[in-house]
2 protein chains.
Amino acid sequence: MTKARIAVLAAIDGAEEPLSASGVAARANCDCDQATVYRALHHLETAGFAESFVLNCSEHGTERYYVSAKGPHRHWFHCEGCHRFVDLGACRIGGLVADLESELGLRVTRHTMYLSGLCAECSARSAPRAGAH
Amino acid sequence: MTKARIAVLAAIDGAEEPLSASGVAARANCDCDQATVYRALHHLETAGFAESFVLNCSEHGTERYYVSAKGPHRHWFHCEGCHRFVDLGACRIGGLVADLESELGLRVTRHTMYLSGLCAECSARSAPRAGAH
DNA sequence: GTATTTTTGCAAATTGTTCGCATTTGCTCG
DNA sequence: CGAGCAAATGCGAACAATTTGCAAAAATAC
C-alpha cells in the first residue's frame with residue numbers, strides 16, 4: 001500500500017459523509033496530484049475498500065462521491081439547502097432488491113439509492129413553524 | 001411549446017427505457033443543436049414532464065438519463081453486459097422513504113434508486129447453467 | 001401585423017475525469 | 001543492504017458531457 005493510497009483511504013474512512021474527489025484531496029493531507037487521487041479512489045473501490053455513487057447537486061454539479069466500505073452498506077440523504085449529507089443508516093432495501101432479482105431473473109451486483117430535499121435544519125429555516133420565531 | 005421541445009418530449013415519452021441526452025438527440029428527429037436538446041431537457045424536467053438520474057456505465061461513462069414523468073414513478077436496472085435498462089416497475093420504496101423522512105425530520109423532494117448487474121440474458125450467456133449448451 | 005419575450009444555433013468555455021509518458025517508489029530476492 | 005522490476009506518481013495534455021454568451025429566429029402578446 002503506497003503513501004498516497006493510505007492517505008486517501010484514511011480520508012474516506014475518517015469522513016462521516018460521502019466525499020467527492022476534490023473533497024478527498026482536501027482531506028487527505030498528502031500533497032499528491034489529483035490524478036493520483038482519482039487513481040487511488042478507483043483502485044480502492046476495485047479492491048473493495050470503498051464504494052461510490054454519482055450525484056448531481058445544484059451547488060457542486062455532477063460529481064462522484066466516495067464512502068468507506070467498512071461496516072454495513074448505508075444510504076444517504078443529500079440536502080439541497082446546506083449541501084451536506086445525512087446518514088440514513090444501514091441499507092433497508094436488501095429484501096426488495098432480492099425480490100426484484102428473483103422476479104426478473106437479474107443478477108444484481110450493486111444498487112444505488114439516495115434521497116434529496118431539505119434536512120431538518122434547512123427545512124425549519126425555509127418554512128418555520130408558526131410561533132417559531 | 002416549441003417544435004424542439006415537442007420533439008424532445010415525444011422522444012422520452014415514446015422510449016421504453018431511460019435516454020441520455022445524445023440518445024434523445026438521436027431519437028428526436030428534430031435536427032436541433034445539442035445545446036437545444038440540453039436546454040429542452042432541463043426545461044421539461046423543471047416543468048414536471050420528465051425526470052432524470054445520473055448513472056455511470058463502463059461503456060458510456062457518466063451520463064444523465066431522462067425518463068417521462070407520465071405514469072407512476074418507476075425504477076430501473078442497468079445491465080453491465082448489454083448496457084440496456086430493465087424496467088423494475090412502479091416504485092416500491094415510497095413507504096421506506098416516508099419512514100426515513102419522519103424518523104429523521106427530513107423533507108424529501110426526490111429519490112433516486114437503481115440496480116446494476118447482469119440481466120437474465122447476459123447472465124445466462126456469461127455463466128450458463130449445466131446442460132444449457 | 002408589429003412589438004416583446006423566449007428560444008435556438010453556433011462556437012467557445014467549463015468542469016470532472018482520464019491518459020500518455022518519463023520518473024520515482026515500493027517490494028522481492030540475492 | 002542494495003540491485004532489479006513491476007507498479008504507482010506527477011505533470012500536462014486530452015476528453016467527454018454539459019453549459020454559456022450572443023446575435024438571429026420563432027413564439028406569443030397586443
Side-chain angles (χ1 to χ4, degrees), chain A residues 1-12 15 17-67 78 80 83 85 112 114, chain B residues 1-12 15 17-67 78 80 83 85 112 114:
Chain A
M1 198 79 141
T2 69
K3 193 165 24 168
R5 289 178 179 177
I6 290 170
V8 168
L9 182 54
I12 61 181
E17 62 179 296
L19 255 35
S20 65
S22 60
V24 169
R27 272 180 90 106
N29 51 343
C30 63
D31 30 298
C32 48
D33 193 79
Q34 57 178 26
T36 301
V37 171
Y38 279 104
R39 284 189 275 229
L41 287 168
H42 182 266
H43 170 83
L44 291 170
E45 183 165 23
T46 302
F49 294 114
E51 298 176 357
S52 74
F53 59 91
V54 180
L55 177 143
N56 178 272
C57 137
S58 59
E59 178 152 316
H60 304 106
T62 299
E63 285 186 305
R64 191 157 181 161
Y65 291 85
Y66 293 84
V67 295
H78 179 257
E80 288 165 354
H83 302 288
F85 286 93
T112 300
Y114 52 83
Chain B
M1 198 76 141
T2 68
K3 192 165 23 169
R5 290 177 179 178
I6 290 170
V8 167
L9 182 55
I12 61 181
E17 61 179 296
L19 255 35
S20 65
S22 59
V24 169
R27 271 181 90 108
N29 51 343
C30 62
D31 31 296
C32 50
D33 193 78
Q34 57 178 25
T36 302
V37 172
Y38 280 104
R39 284 189 274 228
L41 287 168
H42 182 267
H43 170 81
L44 291 170
E45 184 165 22
T46 301
F49 294 114
E51 298 177 357
S52 74
F53 59 92
V54 180
L55 177 143
N56 178 273
C57 136
S58 59
E59 179 151 315
H60 304 105
T62 299
E63 284 187 305
R64 191 157 182 160
Y65 291 84
Y66 293 83
V67 295
H78 179 256
E80 290 166 351
H83 302 288
F85 286 92
T112 299
Y114 53 83

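Chain letters run A, B, ... following the sequence lines, proteins first and then strands; every chain starts at 1.
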Inset, instruction - Using atom CD1 of B:I6 as one end and atom P of C:dT7 as the other, report the distance to the nearest whole Å. - result: 13 Å

Inset, instruction - Please work out if B:S20 contacts a base, only the sugar-phosphate, or nothing of the nucleic acid, heavy-atom cut-off 4.0 Å. - result: nothing

Inset, instruction - Give me the ring orientation class for A:F53 and A:Y114: parallel if the planes are under 30° apart, tilted from 30 to 60°, perpendicular past 60°. - result: tilted

Legend entry - Test applied, salt bridge (Lys or Arg N to Asp or Glu O under 4.0 Å); reference residue, B:E45; option that passes from B:R39, B:R5, B:R64: B:R64

Inset, instruction - Can you figure out which of C:dT17, D:dT9, C:dC10 approaches the side chain of A:R5 most closely? - result: D:dT9

Inset, instruction - Specify the residue among B:T62 and B:R39 whose closest nucleotide of DNA chain C lies further upstream toward the 5′ end. - result: B:R39

Inset, instruction - Could you label the plane-to-plane angle of the B:H60 and B:H83 rings as parallel, tilted or perpendicular, counting under 30° as parallel and over 60° as perpendicular? - result: perpendicular

Inset, instruction - Walk me through it: do B:T62 and B:L55 pass the test side-chain contact (heavy atoms from CB on, under 4.5 Å)? - result: CA-CA 6 Å; B:T62 299; B:L55 177 143; over 6 Å; no

Legend entry - B:R64 vs B:K3, nearer the 5' end of DNA chain D by closest nucleotide: B:R64

Distances under 3.5 Å between nitrogen or oxygen atoms of protein and nucleotides 24-26 of chain D:
none

Inset, instruction - Have a look at A:A40 and say if it touches a base, only the backbone sugar-phosphate, or nothing, with a 4.0 Å heavy-atom cut-off. - result: nothing

Inset, instruction - Return the residues of residues 22-38 of chain A meeting this criterion: a heavy atom under 4.0 Å from some atom of DNA chain C. Order them by number, or give none. - result: A:Q34, A:A35, A:Y38

